[in-house]
Amino acid sequence: MSANSDLTVPQREAIELIDGPLLVIAGPGSGKTRVITRRIAHMIESGIPAREILAITFTNKAAKEMATRVNDLVPNRFVWISTFHSFCARILRDRAEVVGLQSNYTIFDTTDQKQVIRTVMSEMDLDTVHFPPGKISARISQAKNDLISAERFQEMHNESVGHHLQAIVARVYPAYQKALLNANAVDFDDLLLHVVNLLTENPEIREQLDYRFRYVLVDEYQDTNSAQYKIVSALSQMNRNLCVTGDPDQSIYGWRGARIENIMRFEQEFPETSVVRLEQNFRSTKRILQASDELISNNIQRKHKKLFTENPEGDHVQLLHFFDEKQEADGIAEKILKIKSEEGYKWSDFAITYRVNALSRPLEFALMRNKIPYQVTAGVAFYDRAEVKDMLAYLRVIYNPKDIVAFHRIVNTPKRGIGKVSARKLIAWANRYNLDPLDAALRADEITTLSKRPKILLQSFARMMQEFSLTDAGSIESLLRMIIHRTGYTLGMNHSQSEQDIQRLANVEELLTAAKQFDRASEDDITLEGFLETTALASETDKIDDSAGTVTLLTLHASKGLEFPAFFIVGVEQNLLPHERSLAERDPKELEEERRLLFVGMTRAKEKLFLTETVQREFRGRPLHTITSTFLSEIEIEFKDLTQEEFHLPEPILKKKSKNKDAQKEKLSFLPDTHRLTTGADLLSGRKTSVDIPMGFQRGMLVRHPKYGRGTVVDVGGYSKHRTVTVDFEVNDRSETFIASKSHLQPIGRG
DNA sequence: CCTACTTCTATTTTT
DNA sequence: TAGAAGTAGG
């Protein structure tokens with residue numbers, strides 16, 4: 001391959017220094033991903049066997065992108081590129097017994113976790129009202145991130161008796177761990193923690209893996225927590241070919257246990273390390289970069305870095321000053337329209353970001369009113385939706401019969417007359433004789449505490465479950481279909497008119513599609529393990545779709561790693577950015593993280609960057625007077641007072657005061673003509689294309705349905721992907737409600 | 001078992 | 001304000 005002549009000197013260094021530890025401090029927009037992928041390619045070309053290389057990222061998206069790009073450079077070599085969590089999941093499968101698990105363990109998500117904690121707490125007679133399971137599980141997770149075991153935690157808090165939160169946590173934590181082990185399950189944190197224990201307590205295993213992965217790369221190293229640090233370091237003892245890339249100035253997950261010190265201390269941990277700084281920015285204009293640099297210079301805890309760019313000067317960074325959030329939203333919408341028409345920008349060139357999700361609402365309404373297509377990254381994650389979780393719970397029980405959370409979920413879903421009391425009696429009995437729930441259910445007639453009817457019901461449930469097997473079904477999809485059919489799961493929903501049921505049915509459909517795609521992708525190696533692992537570790541942020549042709553709305557956190565030609569940061573105000581919680585803590589470190597968050601945001605912008613603030617903003621229902629953000633005094637920014645500006649709304653939609661539902665719905669019908677949506681199936685397959693959904697339905701519109709023929713739209717409800725359309729058909733006065741995105745309705749004119 | 005009412009709380013969320 | 005989660009009552 002030709003020399004890396006298209007690269008800068010430091011970039012070349014970062015690619016070519018393969019042996020020994022290497023720290024790459026990569027500023028925003030410095031071509032980091034490019035460097036990492038080229039580096040891997042270069043390693044392979046220099047004769048390093050691909051299987052000795054391990055590359056770790058934080059998100060599925062990043063892993064997938066890296067894998068694709070490496071494959072483009074050096075096709076068909078197997079380099080292990082994955083997230084921390086799926087790497088650990090894999091390692092753990094092979095050595096589960098070492099930590100007391102079986103290899104068919106299941107991964108509990110946060111909902112499952114809370115469920116376990118709730119049960120554990122009620123067994124211990126602890127008050128779940130005053131001590132919400134969510135809070136407890138957050139504390140436990142925090143402890144785990146810091147490598148504090150249940151026993152350690154107990155020792156640390158054995159003085160704080162009584163009913164302090166810590167004392168409660170100290171009691172719940174060990175019981176929770178025991179329950180997990182009992183269910184042959186792990187939570188997200190355990191995935192890492194078990195591997196840490198595996199490596200620190202078993203020198204031979206550590207050596208074996210250290211030897212196997214002679215070259216280790218870790219991306220976004222500033223976001224590693226203590227557990228991840230331990231894992232990485234354990235794999236780099238004998239073979240100290242560890243390359244970490246990251247930027248301390250972009251560490252914004254401290255609240256989740258990320259330890260910025262990991263990257264700050266890297267040079268001390270590996271004294272022989274080389275350090276490369278990628279300081280040239282290829283993304284932003286000079287003015288954007290300069291303002292960002294000014295801001296971040298106010299942080300004390302950081303590694304010095306001199307950002308520069310050869311890009312043009314560009315426009316001034318602007319601070320748009322509005323009266324309130326409503327005017328702000330309209331002003332932004334108008335700005336987008338103006339830039340688009342005057343300077344030829346595309347919808348997808350724009351992003352609007354904010355500190356908290358709650359700020360997205362007025363923005364969404366303004367975009368709707370102005371018929372600007374947009375995508376928002378919020379809402380219930382696909383794999384969190386009840387129907388999807390139900391279906392997956394069946395698979396989980398089949399795969400791991402000890403999965404008690406999944407068992408509880410399905411034992412009476414759909415309703416089959418097995419109430420809470422019967423289930424609890426069953427589990428108590430099963431525990432006494434050390435049986436799996438289903439085996440116990442099979443022998444229900446031996447359970448003396450149960451009366452006749454529950455005995456029969458439990459037995460027939462257990463027998464039904466025995467019928468389900470992947471081998472017989474042949475594929476995940478047909479196994480799921482079998483379950484749906486045999487349990488009658490969708491019976492109630494099939495002919496229902498209610499929006500909710502239609503949505504639920506659509507969710508089931510979507511899961512089937514996801515399963516089908518998994519089956520296809522796995523060819524002859526379809527396993528429940530694979531499917532369950534993918535679904536457990538899939539995340540909703542993977543779905544940000546840059547090819548959607550829409551404006552993107554997202555939190556500042558979610559914007560990390562992305563870039564947009566025109567970028568808005570909304571609500572740069574004291575108590576919002578910096579967030580009030582960071583100020584209340586009085587910890588300068590917290591403030592610095594907020595500053596880094598703004599820095600991350602600002603450096604997403606390629607050409608145009610706008611920050612906004614208001615005079616007053618509605619907060620929890622009350623309009624609140626705004627205070628200028630301390631960060632604004634730290635940067636040079638052009639101030640635009642728009643408080644007197646009137647933004648003409650395209651249509652006077654809300655003339656009548658809208659307390660009634662109809663008016664609300666009317667408001668929602670001003671949606672972009674088409675809206676693109678990423679489905680659960682896309683999410684799973686990592687497919688980038690998304691489905692085109694006709695969204696422009698309005699009351700009175702004439703439509704055609706392939707099955708029911710011509711009809712008139714009589715109602716529309718919901719919005720975005722939940723949008724529904726009710727149609728009165730001409731034949732036999734039939735009326736049906738559809739999910740806009742799922743229906744095959746075609747507009748054929750105005751009524 | 002479902003629903004309607006009350007009460008409480010309120011970031012960010014790579015997995 | 002709005003959403004969740006818990007409680008009472010049918």
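Lettering of chains follows the sequences in order, A, B, ..., and the numbering in each one begins at 1.
Closest to the side chain of Phe188(A), from the set dG3(C), dT15(B), dT14(B), is dT15(B). Listed nucleotides: dT12(B), dT14(B), dT15(B). Nearest to the side chain of Phe58(A): dT14(B). Taking only side-chain atoms of Ala558(A), from C-beta outward, the nucleotide of dT1(C), dT13(B), dT15(B) with the closest atom is dT13(B).
Within the 4.0 Å cut-off from OP1 or OP2 of dC1(B), at least one side-chain nitrogen or oxygen of Asn412(A) is found. Checking the phosphate oxygens (OP1, OP2) of dC2(B), a side-chain nitrogen or oxygen of Lys415(A) falls inside 4.0 Å. Taking side-chain N and O atoms only, Ser582(A) has no distance below 4.0 Å to OP1 or OP2 of dT11(B). Proximity of Arg118(A) to the phosphate of dG6(C): a side-chain N or O atom is located under 4.0 Å from OP1 or OP2. Side-chain nitrogen and oxygen atoms of Arg416(A) include none within less than 4.0 Å of the OP1 or OP2 phosphate oxygen of dC1(B). Residue Asn60(A) has a polar side-chain atom (N or O) positioned under 4.0 Å from OP1 or OP2 of dT15(B).
Residue Arg622(A) is out of contact with every strand shown, counting any heavy-atom pair closer than 4.0 Å. Counting any heavy atom pair closer than 4.0 Å across all strands shown, Glu533(A) reaches no nucleic acid atom. Residue contacts shown for Phe619(A) are absent, as no nucleic acid heavy atom lies under 4.0 Å away.
Note on Asp223(A) versus Arg256(A): no salt bridge recorded, every NZ/NE/NH1/NH2 to OD/OE distance being 4.0 Å or above. Ion pairing between a basic and an acidic side chain is recognised when a charged N comes within 4.0 Å of a carboxylate O; Glu594(A) and Arg355(A) show such pairing. The pair Lys389(A)-Asp109(A) meets the salt-bridge criterion, with a side-chain N (NZ, NE, NH1 or NH2) lying under 4.0 Å from an Asp/Glu carboxylate O. Using a cutoff of 4.0 Å between basic side-chain nitrogens and carboxylate oxygens, Asp94(A) and Arg90(A) are not scored as salt-bridged. Taking the charged nitrogens against the carboxylate oxygens, Glu593(A) and Arg596(A) do have a contact shorter than 4.0 Å, which makes a salt bridge.
For Arg256(A) against dT11(B), a side-chain-to-base donor-acceptor contact under 3.5 Å is absent.
Ring stacking holds between Trp255(A) and dT12(B), with the centres under 5.5 Å apart and the planes within 30 degrees of each other. Taking the 5.5 Å centre cut-off and the 30° plane limit, the aromatic side chain of His579(A) is classed as stacked on dT11(B).
Straight-line distance from the CG atom of Asn357(A) to the P atom of dT12(B): 5 Å, rounded to whole Å. Following rounding to the nearest Å, Ile81(A) (CD1) and dT14(B) (P) show an atom-to-atom distance of 21 Å. Atom CZ in Arg617(A) sits about 21 Å away from atom P in dA10(B), given to the nearest Å. Put simply, CD1 on Ile569(A) is 17 Å from C1' on dT11(B), counting in whole angstrom units. As rounded to whole Å, 16 Å separates atom P of dT11(B) from atom OH of Tyr253(A). As a whole-Å value, the separation of Asp223(A) CG from dT15(B) C1' is 13 Å. To the nearest angstrom, P of dA10(B) lies 17 Å from CG of Leu359(A). If you measure from atom NE2 of His557(A) to atom P of dT12(B), you get 9 Å, rounded to the nearest angstrom.
In terms of the side chain to side chain donor-acceptor pair (under 3.5 Å) criterion, Ser422(A) has no residue partners (sequence neighbours excluded).
Judged by closest nucleotide on DNA chain B, Glu593(A) is the one of Ala536(A) and Glu593(A) placed further toward the 5' end. In terms of position along DNA chain B, the nucleotide closest to Lys135(A) lies nearer the 5' end than the nucleotide closest to the other residue of the pair Leu191(A) and Lys135(A).
dT14(B) sits 25 Å from dG3(C) when the C1' atoms are compared, rounded to a whole Å.
Test Thr555(A), Leu556(A), Thr612(A) against Tyr354(A) for side chain to side chain contact (heavy atoms under 4.5 Å, CB included) and you get one pass: Thr555(A).
dT12(B) takes the anti form, because its glycosidic angle lies more than 90° either side of 0.
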